[in-house]
Number of protein chains: 2
Amino acid sequence: MAISAGPTQPQKDLSPGGGAFLVDIRVVLITVNAGQLLVAALPSGESWQLPRGYPFANIPLDAAARTIIFESTNLHEQYLEQLYTLSVRDDEPCRIVVSYLALVASTADTPPATTAIWREVKSTPLADVDQMVLDYAIVRLRAKLGYTTIAFHLMPETFSLSELQAVYETAIGVPLDKRNFRRRITASGMLEPTSEKRRDGSHRPAQLYRFRAGHDPAAFLTPQWAGEA
Amino acid sequence: MAISAGPTQPQKDLSPGGGAFLVDIRVVLITVNAGQLLVAALPSGESWQLPRGYPFANIPLDAAARTIIFESTNLHEQYLEQLYTLSVRDDEPCRIVVSYLALVASTADTPPATTAIWREVKSTPLADVDQMVLDYAIVRLRAKLGYTTIAFHLMPETFSLSELQAVYETAIGVPLDKRNFRRRITASGMLEPTSEKRRDGSHRPAQLYRFRAGHDPAAFLTPQWAGEA
DNA sequence: CCAAAAGTGTTCTCGATACACCCATGT
DNA sequence: ACATGGGTGTATCGAGAACACTTTTGG
């Protein structure tokens, strides 16, 4: 609510000269695995940090975010979205932090992390600013699951409807009705069935689906040019 | 869609040392007047610029944005929201731009601009990056009018339902049904009637309403800490 | 009495919800 | 045969869209 507050007092002149700031990037990289919502974190003494890095001249901010992800996890993210830019006051010198949300497919095997470790979101205390960024990332992720298709960026190439539903449920934290879920998903035309079925255990095999290209309204609150000019 | 693209190639090491960037802020300040959607613009040769400025050490980014607004228009905005942060490549040296959307009440009289001028959005060509920022601001404003109450930040203290509807229609560019509009607005409980009516011309006077505090979900995609840490 | 904007209800459609059983397979 | 997860249909409800007339005032 702070941001929508009313008028503020005028402030000193801040145009002349200045403008050089320390800019760094922090990435909230999320996956889902075995019913847990996981975030890539770097150990930092007692607590944890988000993967971070500096932008480099002449590469776009989001390319820098991708590099940070690859360097700390050896993974290529499937989705990347800018979250928010904030100034950190209690730091010296003054710093500007650009934060990102990234998603990768849930995988059965532990991904080949380099410096980062997958940690369950709930039980991973982060240092000050990082904690706020993570909290906001989770709020935004949950909100977007409701009105976009970003959940698919947490899925592997092919998957069953039950797997998709399980990812939704883990991410938003509430159980969903199987028939209503399937109806909505199929009605939206976002999926196409593959020719394969998966035989899992002693039960009926599951039809596998693939995310159909051109059905991702996820970007509707993100500019088309997204981080490049 | 660019932002949700798949994996990218790894890039050179960009962590060490670096991180000092020129950071500047651009503000899209919007109002509605006489059926026109207006933006505050500064003349710049043949075309126009957005109000801009640099952040200053130890003041939050959004406070800097407010200062920029006041300096260029002598107005205090009613709503301020961070839009997007992008890096501008074709500039030398490399620059990072933090963009904001701000709203002020439509006013009958022309507001007391200092250096900025109110221009109709459609017919105000801006320089490169500014044009993209403006386009995105309009997309976001229209989207948010659909599922939030930010329209109230374009209204004066009290107003009639017809005036409110006219502002909506101007902002989103489509006509609305009067009865459905009034039903939705009143059903939402966002307004409270004042004791006054406005006698306008030779017709029935309009009941005036006030925006009821505590009914602004506009911030739900914006972090609570909004620009400060 | 006429012009001009304010105000007011009903019907319909569609998307979301709640809810329970049969199907295909492995052991 | 039974245990396990995969797969299916129907009734209900609420939100949103379409649609036209009466009311109050000033001139």
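Computation of the quantities below employed the complete heavy-atom set of this structure, encompassing side-chain atoms and omitting hydrogens, waters and symmetry-equivalent molecules. Lettering follows sequence order; numbering is per chain, from 1.
Atom-to-atom, CG of B/Leu164 to P of C/dG7 comes out at 12 Å; the value is rounded to the nearest Å. When rounded to the nearest whole Å, the span between CG of A/Leu176 and C1' of C/dA18 equals 13 Å. Taking atom CZ on B/Arg204 and atom C1' on C/dG7, their separation rounds to 5 Å, with Å as the unit. Here C/dA6 presents its P atom at 12 Å from OH of B/Tyr209, a figure rounded to the nearest Å. Atom P of nucleotide C/dT11 and atom CZ of B/Arg179 are separated by 13 Å, given to the nearest angstrom.
Between the CG atom of A/Leu154 and the CZ atom of A/Phe159 there is a distance of 11.0 Å, given to the nearest 0.5 Å. From A/Leu38, atom CG reaches atom CD1 of A/Ile117 across 12.0 Å, with rounding to the nearest 0.5 Å. A distance of 5.0 Å separates OG1 of B/Thr31 from CH2 of B/Trp118, quoted to the nearest 0.5 Å.
In this structure, B/Glu163 and B/Asn180 both approach DNA chain C, and ranking their closest nucleotides by distance from the 5' end singles out B/Glu163. DNA chain D is contacted by both A/Ser160 and B/Pro205; A/Ser160 maps to the nucleotide lying nearer its 5′ end (nearest heavy atom per residue). A residue-by-residue look at A/Lys178 and B/Asp177 shows that A/Lys178 has its nearest nucleotide of DNA chain D further toward the 5' end.
Running 5' to 3' along DNA chain D, contacts with non-hydrogen atoms of chain A at under 4.0 Å begin and end at D/dA3 to D/dT10.
The two residues A/Val28 and A/Leu50 have their closest heavy-atom pair at CG2-CD1, 3.8 Å.
Remark: side-chain polar atoms of A/Glu169 are paired, donor with acceptor, to backbone N or O of A/Leu176 under 3.5 angstrom. Formation of a donor-acceptor pair under 3.5 Å by the B/Arg119 side chain with backbone atoms of B/Ser123 is found in this model.
Which of C/dC19, C/dA24, C/dG26 sits closest to the side chain of A/Ser202 comes down to C/dG26.
A donor-acceptor contact under 3.5 Å is formed by the side chain of B/Arg183 with the base of C/dT10. You won't find any donor-acceptor pair under 3.5 Å spanning the side chain of B/Arg182 and the base of C/dA6, going by distance alone.
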| task | In sequence, state the C-alpha distance, the side-chain angles, and the governing distance for B/Thr149 and B/Phe211, and then conclude on side chain to side chain contact (heavy atoms under 4.5 Å, CB included). | result | CA-CA 10 Å; B/Thr149 59; B/Phe211 181 33; 4.2 Å; yes
